[in-house]
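Report on the structure given below.
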Amino acid sequence: MSSTKKFLLSGLALFLLLVLTAGPITWIFARKSLEGPWDMTNKIGGFYNEPRGEFTAMFFGSSHIYASLSPLELWHETGVKSYVFATQLQPMWATYTYLKEALKYQSPQLVVVECNMMGNNTEYHDNGVNFSYMDDLRFSLDKVALAKVSAPKGERAPLLWNFMMYHGRWDELEEEDYHTRKEDLHDPYKGYVLLPGQAVRPETIPPEEGESGNLSEKNVYWLNRIIDLCQSRGIDLWLIKAPSNTALEETQRLRMEEVARIAAERGVPFDDFNNSYQEMGLTLDDFYDQRHLNGGGAVKFTDYFAYLMNRRYPDLFAESEDADWQADYEAYAAKLAELA
């Protein structure tokens, strides 16, 4: 064998070795959130281990939806199976990608997008936000496209290969880093974050200097992409604002009015549930903090949402008899009672 061939074969062998080891090593060093209630590795990574075609409805958005809508409560009330595929401060461009990702594995009749982040006009978010939605998303061309719109040039590569971010965790590695397998990830709450009760004081927050009700062009663009995607697939889309305004931000209220205007122009329903506290029976005791519901508040919201959903979408597929869902619901109900 010639020296040139030996060199090429050696190079190929080295390349294959790097490919085969890079994934496992990257996973070991990756940040993992496995302890509830904020076990987002289980919730996002676990989505990929759910049965294909399992969910009739899918929920997307920021923490305002994962703290408000309980899929197990919704199933108990309606028989409709659902999943909350959401992350903290998830910007609209990430929501679009999460929707595309979900549609690779599920065929929902109904998509619900919580629009809190339409009120956040930040062009690029910090690493804490970006890595929270990038880390557990499977690699694909869609993930590459998401990295491009999530950070300026020069800062995108770590979003795609997070070893560049986490390689310094040598002294932080624990047993779970070595022994957690992606194929074992699972969230019995189906993406929902069950929060305990807290004492909340209402507050009105006036606009800061220079703030207005105008939406950023970037947010409007990605909202329209979400609408286009659902309409092209024949999927019902419901835009909502979850209960969050015990800290009433005047700017956010104005921006939700703009969302309502866009929704009306596109023929998509939009409901701001901050206007329905009386109908839901929500009080200050139902909040974990000023912007997120606790477990009891989420039950009230989910039950009210279920009532409206059944009226608006009476033909959704329902499956009330499922032993696995029943077992998960009973464990969830026990945890609720423990927190009450």
Side-chain angles (χ1 to χ4, degrees), residues 44 47 52-53 55-62 64-66 69 80 82-87 89-125 129-130 133-134 137-151 156 159 191 213-242 252 255-273 305 308-309 312-313 315-317:
I44 303 305
F47 169 78
R52 285 180 177 262
F55 305 118
T56 299
M58 291 284 304
F59 296 84
F60 301 88
S62 69
H64 287 211
I65 190 62
Y66 71 51
L69 194 288
V80 171
S82 63
Y83 203 96
V84 180
F85 206 30
T87 56
L89 293 170
Q90 185 182 94
M92 300 305 294
W93 45 96
T95 296
Y96 173 78
T97 303
Y98 267 61
L99 172 57
K100 287 193 74 176
E101 190 73 3
L103 295 180
K104 298 173 185 176
Y105 304 92
Q106 302 293 328
S107 302
Q109 295 173 255
L110 174 65
V111 162
V112 181
V113 172
E114 206 284 333
C115 293
N116 173 62
M117 291 301 289
M118 285 296 295
N120 187 317
N121 287 345
T122 303
E123 177 74 12
Y124 298 120
H125 292 274
V129 173
N130 287 343
Y133 63 75
M134 292 293 287
L137 202 63
R138 284 183 175 174
F139 185 81
S140 66
L141 292 178
D142 291 321
K143 186 171 183 175
V144 173
L146 177 57
K148 288 182 178 180
V149 298
S150 295
R156 297 165 182 169
L159 296 177
N214 295 332
L215 303 174
S216 73
E217 291 184 6
K218 188 174 183 180
N219 280 336
V220 172
Y221 173 80
W222 288 105
L223 176 61
N224 277 305
R225 291 289 300 274
I226 290 168
I227 295 172
D228 291 341
L229 178 57
C230 287
Q231 291 181 344
S232 70
R233 299 288 188 93
I235 302 170
D236 285 319
L237 173 63
W238 187 356
L239 303 178
I240 70 168
K241 179 67 205 75
Q252 183 77 342
R255 289 175 180 170
M256 289 306 102
E257 291 176 359
E258 280 297 295
V259 173
R261 182 187 61 78
I262 294 172
E265 289 179 353
R266 296 298 308 270
V268 175
F270 173 77
D271 288 274
D272 187 342
F273 288 101
F305 182 91
L308 293 181
M309 184 184 74
R312 187 173 290 174
Y313 306 102
D315 297 326
L316 292 178
F317 176 75

M134 vs K143, test: side chain to side chain contact (heavy atoms under 4.5 Å, CB included). Steps then yes/no. CA-CA 8 Å; M134 292 293 287; K143 186 171 183 175; 3.7 Å; yes

For residues A263 and F270, report the shortest heavy-atom separation together with the two atoms involved. CB-CB, 3.8 Å

Would you sort out whether M118 and M92 count as a side chain to side chain contact (heavy atoms under 4.5 Å, CB included), showing the intermediate values? CA-CA 7 Å; M118 285 296 295; M92 300 305 294; 3.5 Å; yes

Value for CG (N116) from CD1 (I65), rounded to nearest 0.5 Å, stands at 10.5 Å

Between E265 and R261, does at least one N-O distance fall below 4.0 Å, as a salt bridge requires? yes

Test of ring centre spacing under 6.0 Å for F47 and F85: yes

Name all residues meeting the salt bridge (charged side-chain N to carboxylate O under 4.0 Å, His left out) criterion together with D272; count only those two or more places apart in sequence or in a different chain, and write none if there are none. none

Closest non-hydrogen atom pair between E114 and A242, with its separation: OE2-N, 2.8 Å

Is any side-chain N of the basic residue among K104 and E101 closer than 4.0 Å to the acidic one's carboxylate O? yes

Minimum side-chain heavy-atom gap W222-T95 below 4.5 Å: no

Gap separating the SG atom of C115 from the CG atom of L223, nearest 0.5 angstrom: 6.0 Å

Could you tell me whether the side chain of Y83 reaches within less than 4.5 Å of the side chain of Q106, counting heavy atoms only? no

Over all atoms of both residues, closest heavy-atom pair of G119 and R255: O-NH1, 2.6 Å

Tell me the closest heavy-atom pair linking A86 and I44, and the distance in Å. O-CD1, 3.5 Å

Taking all non-hydrogen atoms of both residues, which atom of V149 and which atom of Y124 are closest, and how far apart? O-CE2, 3.6 Å

Looking at side-chain heavy atoms only, is the closest gap between L239 and L237 below 4.5 Å? yes

List the steps, then state whether side chain to side chain contact (heavy atoms under 4.5 Å, CB included) holds for W238 with L308. CA-CA 11 Å; W238 187 356; L308 293 181; 3.9 Å; yes

Could you tell me whether the side chain of E217 reaches within less than 4.5 Å of the side chain of Y221, counting heavy atoms only? no

Taking K100 for the side chain and L229 for the main chain, is one N or O donor matched with an acceptor at less than 3.5 Å? no

D142 side chain to T97 main-chain N or O, any donor-acceptor pair under 3.5 Å? no

Would you check if there is a donor-acceptor pair between the side chains of S150 and Y133 at a distance under 3.5 Å? yes

Spacing of CZ belonging to R266 relative to SG belonging to C230, to within rounding of 0.5 Å: 10.5 Å

Rounded to the nearest 0.5 Å, what's the gap from CZ on R233 to CG on D228? Could you check? 12.5 Å

Note, L215 side chain near I262 side chain (heavy atom, < 4.5 Å): yes

Could you tell me the separation between the CG atom of L69 and the CZ atom of F59, rounded to the nearest 0.5 Å? 3.5 Å

Non-hydrogen atoms of F60 and A102 that approach each other most closely: CZ-CB, 3.7 Å

Between OG1 on residue T122 and NZ on residue K218, distance to nearest 0.5 Å: 9.5 Å

Would you check, one step at a time, whether the test side chain to side chain contact (heavy atoms under 4.5 Å, CB included) holds for V268 with Q231? CA-CA 10 Å; V268 175; Q231 291 181 344; 4.1 Å; yes

Any side-chain heavy-atom pair of N214 and N121 under 4.5 Å: no

Check this for me, if you would: do D236 and R312 make a salt bridge, where the nitrogen-to-carboxylate-oxygen distance has to be below 4.0 angstrom? no

Heavy-atom side-chain contact between Y98 and Q90 under 4.5 Å: yes

Are H64 and M117 packed together at the side-chain level, in the sense that at least one heavy-atom pair is separated by less than 4.5 angstrom? no

